[in-house]
Amino acid sequence: MVSANREMAVYCFDTLVAHYNGEQPAPPAFEEGQHPLFVTWKKTANGSEPRLRGCIGTLEARQIISGFKEYALTSALRDRRFPPIQPKEIPYLECTVSVLTNYESALNHLDWEVGKHGLIIEFTDPDYNTRRSATYLPEVPAHEGWTKIETMDSLMRKAGYNGVINDSIRKKLRVTRYQSTLYTMHYTDYASHVKSIRGTAPTINGALIINGFKTNSNH
């Protein structure tokens, strides 16, 4: 089984840096495989808790090299919840790569464990007779401190349902649970790794990098 690892996070950073430099990223240092995957970007500033800047992936298995290359950029530039990441933000980013495994049909909306399972819900919106769906990765409910009920209710809102939520509609949810491996890397660790492996720290068009690390033109 393929597990998320450092080289996948490095490749996502390489892909984003290369995009702004008008280059192709260095070849990845991990083996090809077929898995569902996600790329999450968060921004850290002034020692505060990392703030989400983009998270997009696929729940269908696909080639992971092309998948991480695609979703590194899609999550950074085309997550409709956020403005595109700018070059000057890259020194403050952390990247989390997730590889999804162990898909199972849950018996009901409570048949899963907080912190262990990611979730896919599917249901028919009774107000519009349309199909709706949404997912949360395994770390989301635990990070937010949600109960199972709160997680389900939040997923229904994420899916675009604006009607009344009660136990009757919760019991009609089709729930798929899954697990994941993940690896998180901050830009400073990425820059150190690149410098040790390739001899020079990364440079980014549009960002002023000092000594290969930190700071940008607005600071």
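Everything quoted here is computed from the prediction, not taken from an experiment.
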Identify all side-chain donor-acceptor contacts of residues 24-39 below 3.5 Å with residues at least two apart in sequence or on another chain.
{"unit_1": "Gln24", "atom_1": "OE1", "unit_2": "Lys69", "atom_2": "NZ", "d": "2.9"}
{"unit_1": "Glu32", "atom_1": "OE1", "unit_2": "Ile64", "atom_2": "N", "d": "2.9"}
{"unit_1": "Glu32", "atom_1": "OE1", "unit_2": "Ile65", "atom_2": "N", "d": "3.1"}
{"unit_1": "His35", "atom_1": "ND1", "unit_2": "Leu100", "atom_2": "O", "d": "3.4"}

Worksheet item: Is it the case that one hydrophobic cluster holds both Phe82 and Tyr136, taking links as side-chain heavy atoms less than 4.5 Å apart, direct or via other members?
Response: no
Discussion item. Between Asp167 and Lys171, does any side-chain N to carboxylate O distance fall below 4.0 Å?
Written reply: yes
Discussion item. Do Ser98 and Glu139 have side chains that approach each other closer than 4.5 Å (heavy atoms only, starting at C-beta)?
Written reply: yes
Worksheet item: Ion pair present between Lys158 and Asp153, side-chain N to carboxylate O less than 4.0 angstrom?
Response: no
Discussion item. Does any part of the side chain of Leu16, heavy atoms only, come nearer than 4.5 Å to the side chain of Tyr11, both counted from C-beta?
Written reply: no
Worksheet item: Nearest heavy-atom pair of Met152 and His109: which atoms, and what distance?
Response: CE-O, 3.5 Å
Worksheet item: Looking at Gly163 and Arg157, what are the two nearest heavy atoms and their distance?
Response: O-NH1, 2.8 Å
Discussion item. Quick check on the hydrophobic clustering: are Leu173 and Val114 connected, directly or via other members, by side-chain heavy-atom contacts under 4.5 Å?
Written reply: yes
Worksheet, complete the sentence: The salt bridge (Lys or Arg N to Asp or Glu O under 4.0 Å) partners of Asp127 (sequence neighbours excluded) come to none
Discussion item. If I take atom OG from residue Ser154 and atom CD1 from residue Ile165, how far apart are they, to the nearest 0.5 angstrom?
Written reply: 8.5 Å
Practice prompt. Using side chain to side chain contact (heavy atoms under 4.5 Å, CB included) as the criterion, list what pairs up with Asn162, not counting sequence neighbours.
Written response: none
Fill in: Nearest non-hydrogen partners of Ile56 and Tyr71, listed with the distance
CG2-CD2, 3.7 Å
Fill in: In one Ile/Leu/Val/Met/Phe/Trp/Tyr side-chain cluster, 4.5 Å: Val140, Val97
no
Worksheet entry | Closest contact, heavy atoms only, Ala4 versus Met8 | CA-SD, 3.7 Å
Discussion item. Return the CD1 to NZ distance between Ile197 and Lys195, rounded to the nearest 0.5 Å.
Written reply: 13.5 Å
Worksheet item: Does Tyr20 use its side chain to pair, donor to acceptor, with the backbone of Glu23 at less than 3.5 Å?
Response: no
Worksheet item: Quick one: are Pro126 and Ile169 in side-chain contact, heavy atoms under 4.5 Å?
Response: yes
Practice prompt. Taking Asp79 for its side chain and Arg81 for its backbone only, find out whether a donor-acceptor pair lies under 3.5 Å.
Written response: yes
Worksheet entry | Results of side chain to side chain contact (heavy atoms under 4.5 Å, CB included) for Lys172 - residues two or more places apart only | Ser168
Worksheet item: Between Thr40 and Leu52, which heavy-atom pair has the shortest distance, and what is it?
Response: CG2-CD1, 3.6 Å
Discussion item. Between Asn102 (side chain only) and Gln179 (backbone N and O only), is there a donor and an acceptor less than 3.5 Å apart?
Written reply: no
Worksheet item: Looking at CD1 of Ile120 and OG of Ser133, how far apart are the two atoms once the value is rounded to the nearest 0.5 Å?
Response: 8.5 Å
Worksheet entry | salt bridge (charged side-chain N to carboxylate O under 4.0 Å, His left out) between Asp111 and Lys148, intermediate numbers included | CA-CA 9 Å; Asp111 182 31; Lys148 292 182 180 182; over 6 Å; no
Worksheet entry | Side-chain donor-acceptor contact under 3.5 Å, Thr96 with Thr184 | yes
Worksheet item: Do side-chain atoms of Thr176 reach the backbone of Ser105 as a donor and acceptor pair under 3.5 angstrom?
Response: no
Worksheet item: Are any of the side-chain heavy atoms of Val17 and Val194 separated by less than 4.5 Å?
Response: no
Fill in: Whether over 12 other heavy atoms sit under 6.0 Å from Tyr128 OH
no
Worksheet item: Is the ring centre of Phe13 less than 6.0 Å from the ring centre of Trp41?
Response: yes
Worksheet item: Does the side chain of Leu137 come within less than 4.5 Å of Cys55's, by heavy atoms?
Response: yes
Worksheet item: When you measure from the side chain of Glu150 to the backbone N and O of Thr147, does any donor-acceptor pair fall under 3.5 Å?
Response: yes
Worksheet item: What pair of heavy atoms forms the shortest contact from Ile121 to Met156, and how long is it?
Response: CD1-N, 3.7 Å
Fill in: Stepwise salt bridge (charged side-chain N to carboxylate O under 4.0 Å, His left out) check, Lys42 with Glu94
CA-CA 5 Å; Lys42 292 185 178 181; Glu94 68 176 30; 5.1 Å; no
Practice prompt. List in chain and number order the residues that pass side chain to side chain contact (heavy atoms under 4.5 Å, CB included) with His19, two or more places apart in sequence or in another chain; answer none if no residue qualifies.
Written response: Leu73, Leu77
Practice prompt. Look up atom CG in Leu182 and atom SG in Cys95, then write down how far apart they are to the nearest 0.5 Å.
Written response: 11.0 Å
Response to the item:
CZ (Arg131) and OG1 (Thr124) are apart, to the nearest 0.5 Å, by 4.0 Å
Worksheet item: Between the side chain of Lys43 and the main-chain N/O of Glu89, is any donor-acceptor distance below 3.5 Å?
Response: no
Worksheet item: With side chains defined as the heavy atoms from C-beta onward, is the minimum distance between Thr101 and Thr181 less than 4.5 Å?
Response: no
Worksheet entry | Set of residues satisfying side chain to side chain contact (heavy atoms under 4.5 Å, CB included) with respect to Arg6, sequence neighbours excluded | Val10, Tyr183, Met185, His193
Discussion item. For Tyr178 and Thr135, which I'm curious about, is there any donor-acceptor pair between the side chains at under 3.5 Å?
Written reply: yes
Worksheet item: Looking at OG1 of Thr58 and CD of Glu60, how far apart are the two atoms once the value is rounded to the nearest 0.5 Å?
Response: 5.5 Å
